[in-house]
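Just so you know, these numbers use all the heavy atoms, side chains as well, and skip hydrogens, waters and symmetry mates. Along the sequence shown, residues carry numbers from 1. Since the structure is predicted, the reported quantities are computational estimates derived from the model, not experimental observations.
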Amino acid sequence: MLTGEFNHSIDSKGRLIIPSKLRESLGEHFVITKGMDGCLFLYPDNEWKAFEEKLRTLPLTNKKARDFKRFFLGSATEGELDKQGRVLISSSLRAYADLEKEVVLAGVLDKVEIWSKEAWEARTADVEENIEDIANDMEDLGLSI
């Protein structure tokens, strides 16, 4: 299970240290792609394969389904750790998520989200301010706390 929040920085070559706690759950092979809300998604291999299978079920005749697949699959790259536990984030993915120096990695069960520190702080402030409304909406989806 991927959980926790970790602050790190990207070096001038676009390399990011993956925290050891996350490395254990990610394994040796993983996929990095565009995520929702302006972050990146980092999927362990098994979770990526499960996600791909869901994408395969989307109808080719549906424009939104085609766009959805393009969004995730078109930007997907294989992640590989170097000996120092770093992964290279492509320039196009760094640009999409506005990753420059300070970043936050957040484990969210089946994947890791990679955020610019500024975007993460803005998002979490908004969530904290609205958590009661969000919790009520989750109850409508069948999740109660």
Note to self: Is the distance from the ring center of F51 to that of F72 below 6.0 Å?
What the structure shows: yes
Closer than 4.0 angstrom, basic N to acidic O: yes or no for D67 and K64? no
Is a salt bridge present between R56 and E53, judged by a nitrogen-to-oxygen distance below 4.0 Å?
yes
Q.
Any heavy-atom pair between the side chains of L2 and P44 that's under 4.5 Å?
A. yes
So CD1 of I32 and OG of S90: to nearest 0.5 Å the spacing works out to 7.5 Å
For residues L55 and F68, determine if any side-chain heavy atom of one lies less than 4.5 Å from a side-chain heavy atom of the other. yes
Next on the checklist: Is it true that S9 and K117 share a donor-acceptor pair across their side chains at a distance under 3.5 Å?
Outcome noted: no
One should read off an interatomic distance between R86 CZ and R23 CZ, to the nearest 0.5 angstrom, of 11.0 Å
When rounded to the nearest 0.5 Å, the distance separating CG of L60 from CZ of R66 is 6.5 Å
Review point. Backbone N or O of L22 within a donor-acceptor pair of the S25 side chain at under 3.5 Å?
Key: no
**Message:** Test of understanding: clusters of I, L, V, M, F, W, Y form through side-chain heavy atoms closer than 4.5 Å, transitively. Do V103 and L26 belong to the same one?
**Reply:** yes
**Message:** Between L42 and I18, is there a side-chain heavy-atom distance shorter than 4.5 Å?
**Reply:** yes
field: Side-chain heavy atoms of I114 within contact of C39, under 4.5 Å
entry: no
Distance col, row N136:CG vs N130:CG, nearest 0.5 angstrom, shows 11.5 Å
For side-chain contact (heavy atoms from CB on, under 4.5 Å), just list the numbers for K21 and T3, CA-CA rounded to whole Å, side-chain angles, deciding distance to a tenth of an Å, and then say yes or no. CA-CA 9 Å; K21 181 180 184 262; T3 59; 3.1 Å; yes
Among the clusters formed by ILVMFWY side chains lying less than 4.5 Å apart, do M36 and L40 turn up in the same one? yes
Within the 4.5 Å heavy-atom criterion, are L81 and F30 side-chain neighbours or not?
yes
NE2 of H29 to CH2 of W48, rounded to nearest 0.5 Å, is 16.0 Å
Sidechain-backbone polar pair: Y96 side chain, G35 backbone, donor-acceptor under 3.5 Å: yes
Quiz prompt | Note, L105 side chain near L16 side chain (heavy atom, < 4.5 Å) | solution = yes
Value for CD (E80) from CG (D82), rounded to nearest 0.5 Å, stands at 9.0 Å
